[in-house]
Colleague: 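First the structure, which I've put down as structure tokens, then a few questions once you've had a look.
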Amino acid sequence: MHGRRTQQAAVSWTMAYCQAIRSTAQIEQRRGLSELYKRMTKKQPEDAKDTNIGKDKEVGKDTPKLSISSIPKPKIRVPRIDPNTVARAQAPKELTKDPKLLADEYIADLHTANWGGEETWVRFSRLPRKSHTFLRDIDINCTLANIRGTERALVRRGRSTPTSTTLSRMLEVFEAAQQASIVPDRYTYQELIAINVDLLNFNYAHDWLEKMVVQGIKPTIRPYRTILKGYSTVASELDSARRLWHEIKTKIGAGLIAGEKSDELAKTVDLLTYTSYVAAESKAGNFAVVVSVLEEMDQAGIKPDITLRNTILDGLVRHKGLDAGLQEAELMEQSEYELNGYSYTTLLNATVKEQRGDEARQLLEAAAAKNIVPPAYLVQKLTLDPFDVLNIMAKLEDSHKVRLYNVLIESAMRDNDFSQVLQLIDHLKQHNVSANVVTYTLLFDALNKAGRLDQAKSMFTKVFSSGELTPDAHIYSIMIDACGRHGDVKTMFWFKNEMQRQGLAVSEPVYNSILSALSQWRQGNLQAVMVTASEMERVKPSVKPTCRTFSAIFAAFAAQAQRRRLGAGELEFLQTWYTLATDKYYIAKDSYYYFMAVNAFVCAQSLPDAMTAFSDMVRSHKVSPVSSKFMKNPVRMLDLIKLAIEHQEFGAALEIWNNWQRLRLPPIAKAVELALFACDQMGQPTMAGNIIRGLLTKDEDVYCPRFVDESVLAMYIAMMTKHSMLDAIMPVVQMWTTAITEECESELVLSESTVAKTVAMLRRSNHPDASAVANELLTHVDAHFPDATPV
């Protein structure tokens, strides 16, 4: 019966399937790598000429008023260069191998440059061990501070959120310092204590404090206060806070805590430490303890400041409500404490929570009398109409009224209420309030987000043509970004040139907006991209690119490579900038960066560069798991495997496959097919069997039966038949049946046509056991997949 059914399969599935796969590799199958590289670097014809760039006029008395009325035909050219003679970005010169000179360069840059935590870590990790001996304790401390991201180290860049990776890097720096015989001081230990407190590792923080004491360093009150402040943020650590509080007072009495100056001892608990302990008790609602602490402070001659009283106010509002908070605020004013913005924000938040509209009005009126404007997020939560807020806070001085308008405009933007933004602008003008640059920054930002580019350009000319107000760099940045997003590239360059004419520095976000627009709207012209990227290095001071900069460059090159083959100069430019990201700019790369880099090199048909980017991505996965882009769209990884197969680099194809699940890419059967094809071309059927069995075995790390659909299973059977390994077929078929039954339910099915082709292929085989395997396979299908039995 089975023989009669399978006679209907007239074509050998094996030959048809393998021929179809091989057809994707025919382009490069016969071509050697050396010839391929020559073809890849072959000079390409120049692109069609684009519009020209005019020279900017120098700023002078005859400079015309600012206007963009002539934007439809501006005297602006998109930059054009010969890809083979472009002044390419120069890679950094190879550093000297002298350890002392390397250490001196590191020290000089460490204390003068604005390194972020990522750049600091990369630079330190690249120092040879011999250079560590030339570092000082202050250099180690500054390195630790940069990596942790303290306000001291990154005051101009904002504090970064520490993670366990931050801690592990700091520990490696500390270990390197010890191996170089650099003796840590109190500041070294304070950084390590602070990072553990940031991560709520209080036990480890205490361990580092003990190590400091064991080393013979008398700590100041600062590390104790750091731990105490950490305790105050966690309600369950109140008992720990109390124990530490008593320990601090005991050690001060015993002379075991140093003063801020090394030759002095701490004589009493300072105000900041009192504030940290009061915060812990107030947050827990233990106000009797708070009163006793205030009495203790009074006896010690320490007067609480507004920060401490606000801490108590916040605790009262949390535990006893708005009325208790209002009473405390009244007592504060009677005690000659002037309520500040934090005080009113705390009370107004309580009115929102308890829905006390009348009290909210009274508090807003009182705040206006002191020229205090609430933040936008709080105004957004109030149930008051913005124009009512303007009436309530009418007592604001004229110089502060524009701040209130700005807050209300920002609040309306948070609600995506663009019509209200325009109403507030009209109200401002009707009441003769002078708008400032911040007001128009918010307005242009709102117009940009609402997609009203023409209105934004018209408003720009109307507001700034009179010369009463001058647009700042932020406004130009918004307009450049808006034009770029809407594809108005010529006007985008007009704003950029006008910005430079006004003497404003073009910042990294502006260049990023320009590069993103060029990659999206000028895909046929790489010259503009290369000139803009090179300009970032030429300007003084130079502009440091970010991850977004490189991603935009990669996107532009990928788009062009899909239209035509890149020229030698263009490919070299792309390779150079990929190298610069690590060797010169120390970019903190994310998954999108690697996605775009791999995509660009794959589209450029440059397998060595694509594999370099892929390998870098795999290494970085240890620190930063690749997520979103690859999770949603692994097509480029498939293209990379195909590119490797086209170049007959089957080992590279298998390397990509082996890292597929490590990168958390979604299961795609086509990836397994390409991996099996690579095994077949390498003459490694055993390796193919290991791949399939690993995907179907629960105990294996790569277990994922969804990778193995009926097409993959049929291809595996064809491979085993081709290589005369028929005894490996049925065990895998049985494993596959069990796995999909338990894990995939009915998602993976076996079709009648696939079974018929597979059985026909086995029948045609010259192997003596092929017919028996075919019968065994049909029996198995009859038992487990009766609908797939060929008729």
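Model, not experiment: these values are computed from the prediction.
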Colleague: Which atom pairs, donor and acceptor, lie under 3.5 Å between side-chain atoms of residues 199-208 and protein residues at least two apart or in another chain?
Modeller:
from   : atom 1 : to     : atom 2 : distance (Å)
His206 : NE2    : Tyr231 : OH     : 2.9

Colleague: Keeping Asn196 on the side-chain end and Leu192 on the backbone end, is there a donor-acceptor pair under 3.5 Å?
Modeller: yes
Colleague: Please check this pair: side chain of Glu191 against backbone of Met170, looking for a donor-acceptor N/O pair closer than 3.5 Å.
Modeller: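 Such a contact is absent between Glu191 side chain and Met170 backbone.
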Colleague: How long is the span from the OG atom in Ser131 to the CG atom in Leu101, to the nearest 0.5 Å?
Modeller: 9.0 Å
Colleague: Could you pull out the closest heavy-atom pair between Ala376 and Arg414, with the gap in Å?
Modeller: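 Smallest heavy-atom distance, with atoms named: CB-NE, 3.9 Å.
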Colleague: Take Glu333 and Lys370 through the salt bridge (Lys or Arg N to Asp or Glu O under 4.0 Å) test and state the conclusion after the steps.
Modeller: CA-CA 13 Å; Glu333 290 182 317; Lys370 298 178 181 180; 3.0 Å; yes
Colleague: Can you find a heavy atom in the side chain of Lys229 that is under 4.5 Å from one in the side chain of Thr275?
Modeller: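 With C-beta onward as the side chain, the pair stays apart.
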Colleague: Return each pair, listed once, that meets salt bridge (Lys or Arg N to Asp or Glu O under 4.0 Å) where at least one residue sits in residues 122-135; pairs must be two or more places apart or across chains.
Modeller: Glu119-Arg123, Arg126-Asp583
Colleague: Identify, with sequence neighbours excluded, every residue that meets ring-ring contact (aromatic ring centres under 6.0 Å, His included) alongside Tyr189.
Modeller: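 Partners of Tyr189 by the ring-ring contact (aromatic ring centres under 6.0 Å, His included) criterion come out as none, since no residue qualifies.
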Colleague: Under the criterion ring-ring contact (aromatic ring centres under 6.0 Å, His included), I'd like the reasoning laid out for Tyr106 against Trp115: C-alpha separation, chi angles, the key distance, then a yes or no.
Modeller: CA-CA 11 Å; Tyr106 176 83; Trp115 291 351; 5.5 Å; yes
Colleague: For residues Leu244 and Leu228, report the shortest heavy-atom separation together with the two atoms involved.
Modeller: CD2-N, 3.6 Å
Colleague: Quick test of your reading of the model: are Arg243 and Asp239 salt-bridged, counting only N-O distances below 4.0 Å?
Modeller: no
Colleague: Distance only, no hydrogens: is a donor on one side chain within 3.5 Å (strictly under) of an acceptor on the other, for Lys589 and Thr582?
Modeller: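 Yes, side-chain donor-acceptor contact under 3.5 Å.
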Colleague: Check step by step if side chain to side chain contact (heavy atoms under 4.5 Å, CB included) holds for Glu330 and Leu326.
Modeller: CA-CA 6 Å; Glu330 185 177 353; Leu326 293 172; over 6 Å; no
Colleague: Ser282 side chain to Val278 main-chain N or O, any donor-acceptor pair under 3.5 Å?
Modeller: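 A pair under 3.5 Å: yes.
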Colleague: Report yes if some heavy atom in the side chain of Val317 is under 4.5 Å from a heavy atom in the side chain of Asn349; otherwise report no.
Modeller: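 Contact flag for Val317/Asn349 side chains = no.
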Colleague: Side chains of Ile107 and Arg136: closer than 4.5 Å at any heavy-atom pair?
Modeller: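 Yes, at least one pair of side-chain atoms sits under 4.5 Å.
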Colleague: Do you know which two heavy atoms are closest between Ile221 and Val269, and how far apart they sit?
Modeller: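 That closest heavy-atom pairing would be CD1-CA, 4.2 Å.
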Colleague: Between His132 and Gln179 (side chain of the first, backbone of the second, donor and acceptor by atom type, cut-off under 3.5 Å), is there such a pair?
Modeller: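 No, because the side chain of His132 does not come within donor-acceptor range (under 3.5 Å) of the backbone of Gln179.
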Colleague: What residues form a side-chain hydrogen bond (donor to acceptor under 3.5 Å, both in side chains) with Thr120, not counting sequence neighbours?
Modeller: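 Counting only residues at least two positions away or on another chain, Thr120 forms a side-chain hydrogen bond (donor to acceptor under 3.5 Å, both in side chains) with Asn146.
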Colleague: List the steps, then state whether side chain to side chain contact (heavy atoms under 4.5 Å, CB included) holds for Glu247 with Tyr224.
Modeller: CA-CA 9 Å; Glu247 180 183 348; Tyr224 291 97; 4.0 Å; yes
Colleague: Check step by step if salt bridge (Lys or Arg N to Asp or Glu O under 4.0 Å) holds for Asp137 and Arg186.
Modeller: CA-CA 10 Å; Asp137 54 1; Arg186 66 175 56 165; over 6 Å; no
Colleague: Check step by step if side-chain hydrogen bond (donor to acceptor under 3.5 Å, both in side chains) holds for Glu508 and Asn512.
Modeller: CA-CA 6 Å; Glu508 165 262 325; Asn512 288 345; 2.3 Å; yes
Colleague: For the CG atom on Leu331, are there more than 12 heavy atoms of other groups (residues, nucleotides or ligands in this structure) within a distance under 6.0 Å?
Modeller: yes
Colleague: Measuring from Leu167:CG to Asp198:CG, what's the distance to the nearest 0.5 Å?
Modeller: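 If we round to the nearest 0.5 Å, Leu167:CG and Asp198:CG are 10.0 Å apart.
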Colleague: State, to 0.1 Å, how close Ile195 and Pro162 come at their nearest heavy-atom pair, and which atoms those are.
Modeller: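 Distance-wise, the nearest heavy atoms are CD1-CB, 3.4 Å.
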Colleague: Hey, does the side chain of Ser411 reach the backbone of Leu408 with a donor-acceptor pair shorter than 3.5 angstrom?
Modeller: no
Colleague: With the side chain counted from C-beta on, respond yes when Ser507 and Val543 share a heavy-atom pair under 4.5 Å apart, and no when they do not.
Modeller: no
Colleague: Will you find, in the side chains of Tyr274 and Glu296, an N or O donor that is under 3.5 Å from an N or O acceptor?
Modeller: yes
Colleague: Do Asp445 and Leu442 come within less than 4.5 Å of each other through their side chains, counting heavy atoms only?
Modeller: no
Colleague: Looking only at side chains, do Thr311 and Asp314 share a donor and an acceptor under 3.5 Å apart?
Modeller: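 Checked: Thr311/Asp314 side chains show no N/O donor-acceptor pair below 3.5 Å.
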Colleague: Could you go step by step and tell me if Thr351 and Glu359 meet the side-chain hydrogen bond (donor to acceptor under 3.5 Å, both in side chains) rule?
Modeller: CA-CA 7 Å; Thr351 64; Glu359 285 77 4; over 6 Å; no
Colleague: Main chain of Tyr337, side chain of Ser335: is a donor-acceptor contact present, judged purely on distance under 3.5 Å?
Modeller: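 Side chain of Ser335 to backbone of Tyr337, a donor-acceptor pair under 3.5 Å: no, none is there.
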Colleague: If you draw a 6.0 Å radius around CD in Glu338, do more than 12 non-hydrogen atoms from other residues or ligands fall strictly inside?
Modeller: no
Colleague: Flag yes if more than 12 heavy atoms outside Lys401 fall under 6.0 Å of its NZ atom; otherwise flag no.
Modeller: yes
Colleague: For Ala412, is there any backbone N or O sitting under 3.5 Å from a side-chain donor or acceptor partner on Asp415?
Modeller: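 No, Asp415 side chain to Ala412 backbone: no donor-acceptor pair under 3.5 Å.
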Colleague: Quick one: which residue pairs count as a salt bridge (Lys or Arg N to Asp or Glu O under 4.0 Å) with a foot in residues 386-397, not counting sequence neighbours?
Modeller: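 Qualifying pairs: Glu365-Lys395.
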Colleague: Who pairs with Ser343 by side-chain hydrogen bond (donor to acceptor under 3.5 Å, both in side chains), at least two apart in sequence or on another chain?
Modeller: Asn310, Asn340
Colleague: Using the rule given for side-chain hydrogen bond (donor to acceptor under 3.5 Å, both in side chains), can you reason through Glu281 versus Tyr277, listing the C-alpha separation, both sets of side-chain angles and the distance that settles it, and then say yes or no?
Modeller: CA-CA 7 Å; Glu281 296 290 357; Tyr277 181 58; 2.7 Å; yes
Colleague: Grab the two heavy atoms, one from Ile587 and one from Pro545, that are nearest each other, plus how far apart they are.
Modeller: CD1-O, 3.1 Å
Colleague: Distance check, rounded to the nearest 0.5 Å: Ile147 atom CD1 versus Glu172 atom CD?
Modeller: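 Ile147 atom CD1 to Glu172 atom CD measures 9.0 Å (nearest 0.5 Å).
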Colleague: Would you confirm whether Asn286, through its side chain, and Val289, through its main-chain N or O, come within 3.5 Å as a donor-acceptor pair?
Modeller: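 Side chain of Asn286 to backbone of Val289, a donor-acceptor pair under 3.5 Å: no, none is there.
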Colleague: With heavy-atom distances below 4.5 Å as the criterion, would you say the side chains of Val389 and Asp385 are in contact?
Modeller: no
Colleague: Check whether more than 12 heavy atoms from other residues, nucleotides or ligands sit under 6.0 Å from atom NZ of Lys381, and answer yes or no.
Modeller: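 It does: Lys381 NZ has more than 12 such atoms within range.
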Colleague: Can you check whether Asp139's main-chain N or O pairs, donor with acceptor, with Thr143's side chain at less than 3.5 Å?
Modeller: yes
Colleague: Rounded to the nearest 0.5 Å, how far apart are CD1 of Ile182 and CG of Leu135?
Modeller: 5.0 Å
Colleague: Give me the atom names and distance for the closest heavy-atom approach of Met393 to Val373.
Modeller: CE-CA, 4.5 Å
Colleague: Given Glu328, which partner from the list Arg309, Arg318, Lys320 fulfils the salt bridge (charged side-chain N to carboxylate O under 4.0 Å, His left out) test?
Modeller: Arg309
Colleague: How long is the span from the OH atom in Tyr187 to the SG atom in Cys142, to the nearest 0.5 Å?
Modeller: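 These two atoms lie 13.5 Å from each other.
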